Peer 1: 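The structure under discussion is supplied below as structure tokens; questions concerning it will follow.
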Amino acid sequence: MRIGIGYDVHQLIENRKLILGGIDIPYHLGLLGHSDADVLTHAICDAILGAASLGDIGTHFPDTDPRYEGIDSQFFLRAIAKKVKELGYTIGNVDSTVIAQQPKLAPYISQMRSELAKTLDISVTQISVKATTAEGLGIVGKEKAIVAQAIACLAKSNSIGL
């Protein structure tokens, strides 16, 4: 069994969509980034890559590469899931947390879980998405950024118990 941790933060700005877990969240601000800036998906990508000792999302999909400008981050997650499968790993589970002062994310969590599970080709029971606030503190609490953290568990495909 292998465990990986992922973390990402993106600045909130005007005139961008807010995409989290592959879902378009209605909000007056969006996240700044080279791709769609889906902070949750990026953290999950890094958790899976870390568990497989494959570096980070920037190593595989550099933000200097024009091919990835504005791209849907589910593309990254799908490619990473395929890569770890080719290396003989299965995803046991993914646990993630989004830290955002606004908007309230509870109404979208089920949809995010479904979208992420579909992209990873796993059961929705294998992915957890939680949301919390920063209690008004720091860049997240002042609604200047959104943060996401994730942890992933991988097992060799021939392992028993997952």
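The chain is numbered in sequence order, starting from 1. As the structure is a prediction and not an experimental result, all values here were calculated from the model.
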Peer 1: Ile139 and Ile146: same hydrophobic cluster, using ILVMFWY side-chain contacts below 4.5 Å?
Peer 2: no
Peer 1: For Lys144, give me all partners under salt bridge (charged side-chain N to carboxylate O under 4.0 Å, His left out), at least two apart in sequence or on another chain.
Peer 2: none
Peer 1: With the side chain counted from C-beta on, respond yes when Gln111 and Arg113 share a heavy-atom pair under 4.5 Å apart, and no when they do not.
Peer 2: no
Peer 1: Using the side-chain contact (heavy atoms from CB on, under 4.5 Å) definition, which of the options Val84, Ile44, Leu54 pairs with Leu49?
Peer 2: Leu54
Peer 1: Could you tell me the separation between the OH atom of Tyr89 and the CD1 atom of Ile48, rounded to the nearest 0.5 Å?
Peer 2: 13.5 Å
Peer 1: Answer yes or no: is there a side-chain heavy-atom contact under 4.5 Å between Leu116 and Val94?
Peer 2: no
Peer 1: For a quick test of reading the model, state the closest non-hydrogen atom pair linking Pro103 to Ile25 and the distance between them.
Peer 2: CG-CG2, 3.9 Å
Peer 1: Minimum heavy-atom separation for Ala47 and Ala150, please, with both atom names.
Peer 2: CB-O, 3.7 Å
Peer 1: With a 4.5 Å heavy-atom cut-off, do Tyr108 and Leu20 have their side chains touching?
Peer 2: no
Peer 1: Val140, Val98: one ILVMFWY side-chain cluster at the under-4.5 Å cut-off?
Peer 2: no
Peer 1: What residues form a salt bridge (charged side-chain N to carboxylate O under 4.0 Å, His left out) with Lys83, not counting sequence neighbours?
Peer 2: none
Peer 1: Are Ile99 and Ile151 connected in a single hydrophobic cluster, I mean Ile/Leu/Val/Met/Phe/Trp/Tyr linked by side-chain heavy atoms less than 4.5 Å apart?
Peer 2: no
Peer 1: Would Val9 end up clustered with Met112 when hydrophobic side chains under 4.5 Å apart are linked, directly or stepwise?
Peer 2: no
Peer 1: What do you reckon, is CD of Glu14 surrounded by more than 12 foreign heavy atoms closer than 6.0 Å?
Peer 2: no
Peer 1: Which heavy-atom pair separates Ala37 from Arg16 by the least distance, and what is that distance?
Peer 2: CB-NH2, 3.9 Å
Peer 1: Determine the sole option in Asp36, Thr119, Thr41 for which the side chain to side chain donor-acceptor pair (under 3.5 Å) test with Ser73 is passed.
Peer 2: Asp36
Peer 1: Can you measure from CG (Asp8) to SG (Cys45) and round to the nearest 0.5 angstrom?
Peer 2: 9.5 Å
Peer 1: Tell me whether Val39 is reachable from Ile19 by hopping between hydrophobic residues (I, L, V, M, F, W, Y) whose side-chain heavy atoms are closer than 4.5 Å.
Peer 2: no
Peer 1: Measure the shortest side-chain to side-chain distance between Tyr7 and Val147 over non-hydrogen atoms and say whether it is less than 4.5 angstrom.
Peer 2: yes
Peer 1: I want to check something: taking the side chain as every heavy atom from C-beta on, are Leu31 and Leu12 in contact at a cut-off of under 4.5 Å?
Peer 2: yes
Peer 1: One pair to check against side chain to side chain contact (heavy atoms under 4.5 Å, CB included): Gln101 and Thr133. What are the steps and the verdict?
Peer 2: CA-CA 5 Å; Gln101 199 62 37; Thr133 69; 3.7 Å; yes
Peer 1: Can you see which heavy atom on Ser114 is nearest to which on Val124, and at what distance?
Peer 2: N-CG2, 3.9 Å
Peer 1: To the closest 0.5 Å, what do you measure between CD (Gln102) and NZ (Lys104)?
Peer 2: 5.0 Å
Peer 1: Would you say that Leu40 contacts Ser96 through its side chain, given a criterion of any heavy-atom pair below 4.5 Å between the two side chains?
Peer 2: yes
Peer 1: With rounding to the nearest 0.5 Å, note down the distance linking OG in Ser157 to CG in Leu87.
Peer 2: 9.5 Å
Peer 1: What distance do Ile80 atom CD1 and Asp56 atom CG have between them, rounded to the nearest 0.5 Å?
Peer 2: 9.5 Å
Peer 1: Less than 4.5 Å apart, side chain to side chain, heavy atoms only: is that true for Lys130 and Asp95?
Peer 2: yes
Peer 1: Please answer whether the main-chain N or O of Pro66 pairs with a side-chain N or O of Glu69 as donor and acceptor at a distance below 3.5 Å.
Peer 2: no
Peer 1: Tell me whether the rings of Tyr68 and Phe75 are parallel (<30°), tilted (30 to 60°) or perpendicular (>60°).
Peer 2: tilted
Peer 1: Between His34 and Asp63, does any side-chain donor sit less than 3.5 Å from a side-chain acceptor?
Peer 2: no
Peer 1: Please round to the nearest 0.5 Å and tell me the distance separating atom CG of Asp24 and atom CG of Asp38.
Peer 2: 10.5 Å
Peer 1: Before accepting this row, confirm whether a basic side-chain N of the pair Asp121/Lys82 lies closer than 4.0 Å to the acidic partner's carboxylate O.
Peer 2: no
Peer 1: Indicate yes or no: at least one non-hydrogen side-chain atom of Tyr27 is less than 4.5 angstrom from one of Leu105.
Peer 2: no
